[in-house]
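Heavy atoms only: backbone and side chains are in, while hydrogens, waters and symmetry mates are out.
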Amino acid sequence: LAVLGMGKLGARELNYSSDVDLLLLHDPESQAYHEEHGAAPYVRLGRDLVRLMEERTAEGYVFRTDLRLRPDPAATPLCVALPAALSY
């Protein structure tokens, strides 16, 4: 799983009201990738990461996140295969 910080996070220009633009990628050629499960474990990890970052507690929250910078966000999974992202 690779998590890329885009937007203000990638440019190191975050301020108090910034959201974090993340791009989640996985490598289907990795030894950790299991073809029978596909991208599901990576999608689950990404969803859990975002939930942890956005969860509001008595102490506040870490960051608001935006995952819409991935290629065609309405039609692609939360975590995109690296070759698909590169070809996009």
Side-chain angles (χ1 to χ4, degrees):
L1 178 67
V3 181
L4 299 179
M6 309 293 282
K8 288 185 177 182
L9 176 62
R12 298 185 176 155
E13 298 175 354
L14 285 177
N15 58 51
Y16 178 74
S17 65
S18 296
D19 65 351
V20 177
D21 299 296
L22 300 177
L23 181 59
L24 305 175
L25 303 169
H26 72 275
D27 183 3
E29 301 298 319
S30 166
Q31 291 180 345
Y33 187 84
H34 296 285
E35 200 167 308
E36 66 271 9
H37 300 297
Y42 300 103
V43 170
R44 191 169 38 257
L45 278 171
R47 189 177 301 123
D48 289 348
L49 171 68
V50 169
R51 183 182 47 77
L52 285 171
M53 291 176 63
E54 291 187 334
E55 183 178 25
R56 294 185 185 273
T57 66
E59 291 83 26
Y61 63 96
V62 178
F63 286 113
R64 290 178 295 121
T65 58
D66 185 355
L67 299 171
R68 293 175 294 171
L69 290 181
R70 67 186 186 275
D72 196 8
T76 57
L78 192 66
C79 187
V80 180
L82 184 58
L86 289 173
S87 69
Y88 176 79

(Q) What I'd like to find out is whether the side chain of Leu9 reaches to under 4.5 Å of the side chain of Ser18, using heavy atoms alone. (A) no

Q | Enclosure of Arg64 CZ (heavy-atom neighbours >12, cutoff 6.0 Å) | A | yes

Q) Is the closest side-chain heavy-atom distance between Leu78 and Leu24 below 4.5 Å? A) yes

Q) CG of Asp21 to CG of Asp66: how many Å apart, nearest 0.5 Å? A) 5.0 Å

(Q) Hydrophobic clustering (ILVMFWY, side-chain heavy atoms < 4.5 Å, transitive) - are Tyr88 and Leu82 grouped together? (A) no

Q: To the nearest 0.5 angstrom, please state how far the CG atom of Leu25 sits from the CG atom of Leu1.
A: 8.0 Å

Q) For Arg51, does the CZ atom have more than 12 heavy-atom neighbours from other residues, nucleotides or ligands under 6.0 Å away? A) yes

Q.
Please give me the minimum heavy-atom distance between Val80 and Pro77, naming the atom from each residue.
A. CG2-O, 3.8 Å

Q. Taking atom CD of Glu59 and atom CZ of Arg56, what is their separation to the nearest 0.5 Å?
A. 13.5 Å

Q: Side-chain contact test, heavy atoms from C-beta onward, threshold under 4.5 Å: evaluate it for Glu54 versus Tyr61 and give yes or no.
A: no

Q | Residue from Asp19, Leu14, Val50 passing side chain to side chain contact (heavy atoms under 4.5 Å, CB included) with Phe63 | A | Leu14

Q) What is the distance from atom CZ of Arg47 to atom SG of Cys79, rounded to the nearest 0.5 Å? A) 11.0 Å

